[in-house]
Structure formats: C-alpha cells, structure tokens
Number of protein chains: 2
Amino acid sequence: MATTPTRERILDAALVAWGTRGYEATSLDVLAAGLGITKQSILYWYPSKEALLDALIARSAQELAGAMNAALEGAGNGWAKVEAVVRSVFRLAARRPELLGLVREVSRLGPPAATRMTLELQPLVRRASEFLETEMDAGRMRRHDPNLLLLAIYSTVIGMVTEVDVLRAFGEEPTARSLVRRRTDVLQLLRSALMTG
Amino acid sequence: MATTPTRERILDAALVAWGTRGYEATSLDVLAAGLGITKQSILYWYPSKEALLDALIARSAQELAGAMNAALEGAGNGWAKVEAVVRSVFRLAARRPELLGLVREVSRLGPPAATRMTLELQPLVRRASEFLETEMDAGRMRRHDPNLLLLAIYSTVIGMVTEVDVLRAFGEEPTARSLVRRRTDVLQLLRSALMTG
DNA sequence: CCATCTCCCTACCAAATGGTAGACAACGAC
DNA sequence: GTCGTTGTCTACCATTTGGTAGGGAGATGG
C-alpha cells in the first residue's frame, strides 16, 4: 500500500475535523498534531487556512458530484433514478460521514466558502433539474417546481447530518447502516407525494 | 416604551450573532461592541461565554416550545393541526429568523449545548408524538413510525435555515414572506404522503 | 563532492480571545 | 452626609490563533 502523500493526508484530516467539530473550532495546530506533523508543514502545502478550506471544498464537491453524476447518467428513469442518485450519496456518506458534515459546515460559513461550493455543484444541479422536467413532461412524475423538488430531496439528504447531531446530543453514536435505513424511509415518504399513479 | 434591561439585550444580541455567524465566530468583544458596552459588562451578567449560551438556549427553547405548544393544545386535528403547529414556528421564525439558526448552531455544537436544548424540547416532542399516534389510531393519518414523521416535519422546518444559506451563497437575501411560502409548499409535499383518503 | 531542491522543523510574532482585579460613578437608605 | 449596592468601566493577563523567517536533514543530479 503506497503511503498517501502529505498533501492528501492534510485534506483528509481537515475533512474529518471540520466536517464534525467545525472550521473555526479546529485550529491548524490541532489538525497538524493529529497528523504527527507541525502547523508549519500544513502552511507549506497550503498558504493559509482559508486556502486549505478552498482546496477541501473543491475536492469534496468533486467527489460528491462525481458519485451523483454517475447515478444520474446511468440507466433507468422515474423514481428508480431519484432513488439511485440519493443512494449514491448515502453510500458515499456511509464511507465518509464527514462529507455531508462539511457541506453543512460550508453552507453555514457563508460567502465566500459557500459560494465556492455552490458554484462547484451547479452543473450537477442543473442536470438534475433537467431530468426532473423530462420526467414530468413524460407524465411519470407529478408536475411541481423542479427547484422545490430538489430542495425537498436535498433536505432529506442533509437531514442525515441533523439526525446525527440529535442522536449525539443523547450520547448515542449512530451506525452508518441505521442512518441509511432511516433516511431511506424518509425518502419513501416523499415518493407517494411525487409519483403519479 | 420601557428600555430593555441589559441582561435581555445581551441575550438578544447573542441570538442574532450566534444564530447567523456562529458561536465560535462571534467573540464577546464583538457582541459587546454591538451593544455599546464592554465585554466585562457581559461577564458581569453571565459568568462565562458558555453560561451565556446556556441561558440563551433556555430562553430560545422556551420561546419555541411555547409557540408550538399553544398550537398543539389548540382546536382541530389531522393535517390542520400539523399545519397549525408548523405555521406557528414559521410565524416565530419570520419575526426572529435567528431562532432557527440558533437551533441549527446548537445542534452542530454538540454536547453539552445540544443535550441541553434537546432536553428542553423533549416534553414538546413527546406531546407531538402522542398527537400523531392518536391521529393514526383514529385512522385520520397513515400509520408510520411517529419519530420518523417528526423527523420529516423537523427537516422541513430546519430546512428553512439551509435554504437561507444557499440563497445567501448566491448573494441573495431572502424575505421572510418568500421563505414561509416556499417552506409551506415543501410541507404540502408531505401532506399527500401522510394523510389517508 | 558539491550544488540544489524538497520537505519539515524550531523559533518567533502580532493580534485576538476568554477571563480576572479592582477603581469609580450613580443612587437609594438611613 | 455617609454607607452599601449596583452596574459599568479601565487595566491586565495567560493562552491560543494564523502566519513569517529561516535553518537543516536528506535525496537528487552533475
């Protein structure tokens, strides 16, 4: 197994720390200590904390968009495809729970970080919107504002983060499996609202 | 108009600042400057930053629970009541947009803050759960896990915060009115999934 | 064997943070 | 008038933060 280069290891550590404890709450020193290096080594690879966040956003957005795009371009249509896309996110989130946490964190941070991530994901959103319109034109889905549907689906996905928070507040650490099952159930609630027939 | 006592003004300022920019991101100095006082005056009323957060959580949870309780104890049943409760939150959030922001922020902060808020809202959650069970027993609502339904409804409400973030990422400041309309639409999506007949 | 480049380190620094100590003005009670 | 209380302030402080300057070990290449 090839040793991961420092550059990537820093991104990994930042993803975990910032996606769970938060950006302001995790200093470069703490980040470095967890990697067995010093803060100055981080600043060698990334000129500032903000630059590191920027790089992390770029990589994470690409990872998310990549997974969803694959499902979106794949076979099938109607509800099956909606489910396939959402499931692709769940699979990713089960492997890297901090990814969704980072999305939540970045959107909370506001511009310029949030703007950056939003722009990065925009092509994907547009493609998803087009898909929904096609489905509605074909009569396979009830007619709604596509952006509204995307928002509802997005809420379902990002709700996973909230759910983790709530469970943690009770001192309970949820398993990836239980989370995915639960979120899939919530998704099913949407199904009967969205689909015709 | 009676001048609001300092104690309350501090809570108000903290709610706005922490509910939008975040807890770690807003120092006591900044908070005090906005009030035209010094950090030491804040520390006179609240022994520490954490104690201030604690007091803020208590007051905010009470405010939220109070509004929802009134709607929950009111007349009506079935979907009308679900809508009444959610609308009561929307009305509150339209007047004090930072309230939901604080809920999001606190759940992100994790224990002990999140635990505190969760406990504070627990009675309300239990009562809501009982209401849903009554409705299902009476056949006015499809049978589901009540906690699942609450989670779905909660996602709809808290999604308002996410929506604000996303819009702000595009440099757009949403109006309270447009937000409420939008969220009500999302809520309607749930309706057909939940109700019988 | 020397020069260069890569990568991480030690040593600092200025600014900001949460918090403490204590002075001081206003004010009501006696 | 004096005394205690209340509420705010100025003056500090220790620690932490993001960031800079520069040294040095080790590989690489001529």
Side-chain angles (χ1 to χ4, degrees), chain A residues 1-59 102 105-106 108-114 116, chain B residues 1-59 102 105-106 108-114 116:
Chain A
M1 154 176 155
T3 54
T4 318
T6 306
R7 252 192 97 90
E8 296 300 312
R9 289 179 58 223
I10 294 172
L11 283 181
D12 291 338
L15 173 62
V16 173
W18 293 349
T20 56
R21 276 185 300 168
Y23 176 73
E24 299 101 334
T26 314
S27 68
L28 293 181
D29 273 318
V30 169
L31 223 54
L35 288 166
I37 61 178
T38 65
K39 160 180 62 174
Q40 285 72 14
S41 285
I42 295 181
L43 289 168
Y44 169 78
W45 292 105
Y46 303 93
S48 70
K49 191 182 184 184
E50 209 183 329
L52 172 56
L53 175 62
D54 212 57
L56 181 60
I57 289 175
R59 194 188 74 166
L102 184 75
E105 178 72 359
V106 167
R108 181 191 69 91
L109 286 173
R116 175 70 195 268
Chain B
M1 155 177 153
T3 53
T4 319
T6 306
R7 251 193 97 92
E8 296 300 313
R9 290 179 57 222
I10 294 172
L11 283 181
D12 290 338
L15 174 61
V16 174
W18 294 348
T20 55
R21 276 185 300 168
Y23 176 72
E24 299 102 333
T26 314
S27 68
L28 292 181
D29 273 316
V30 169
L31 223 54
L35 287 167
I37 60 177
T38 65
K39 160 180 63 174
Q40 285 72 14
S41 284
I42 295 182
L43 288 168
Y44 169 78
W45 292 106
Y46 303 93
S48 69
K49 190 181 184 184
E50 208 182 331
L52 172 56
L53 176 62
D54 212 55
L56 181 59
I57 289 175
R59 194 189 74 166
L102 185 76
E105 178 72 359
V106 167
R108 181 190 70 90
L109 286 173
R116 175 70 195 268

Practice task
Check whether any side-chain heavy atom of L31(B) lies under 4.5 Å from a side-chain heavy atom of L52(B), and answer yes or no.
Solution key: yes
Fill in the blank from the handout: Expected string for nucleotides 8-20 of chain D under the B/S/- scheme (protein heavy atoms, under 4.0 Å, primed atoms plus P, OP1, OP2 as sugar-phosphate) is BBBB-----SBBB
Problem - Range on DNA chain C touched by chain B, heavy atoms, distance below 4.0 Å - result: dT17(C) to dA21(C)
Exercise for the section: Decide yes or no on side chain to side chain contact (heavy atoms under 4.5 Å, CB included) for L109(B) and L53(B), but give the supporting numbers first. Expected result: CA-CA 11 Å; L109(B) 286 173; L53(B) 176 62; 3.9 Å; yes
Problem - salt bridge (charged side-chain N to carboxylate O under 4.0 Å, His left out) pairs, two or more places apart, involving residues 10-23 of chain A - result: D12(A)-R59(A), D12(A)-R96(A)
Problem - Main-chain N/O of L35(A) paired to R9(A) side chain as donor or acceptor, under 3.5 Å - result: yes
Handout entry: E105(B) side chain to Y23(B) backbone, donor-acceptor under 3.5 Å
Key = yes
Fill in the blank from the handout: Between L11(B) and L56(B), the two heavy atoms sitting closest are O-CD1, 3.6 Å
Completion exercise
salt bridge (charged side-chain N to carboxylate O under 4.0 Å, His left out) pairs touching residues 26-53 of chain B, sequence neighbours excluded, are D29(B)-K39(B)
Practice task
Under the side-chain hydrogen bond (donor to acceptor under 3.5 Å, both in side chains) rule, collect the residues that match up with R116(A), sequence neighbours excluded.
Solution key: D54(A), E120(A)
Handout entry: Taking every non-hydrogen atom, the tightest pair across G22(A) and R108(B)
Key = CA-NH1, 3.8 Å
Practice task
Map every base of DNA chain C to its dot-bracket character, where paired means a Watson-Crick or G-U wobble contact with both distances under 3.5 Å and | marks a partner outside the strand.
Solution key: ||||||||||||||||||||||||||||||
Handout entry: Y44(B) vs I37(B) side-chain heavy atoms within contact, under 4.5 Å
Key = no
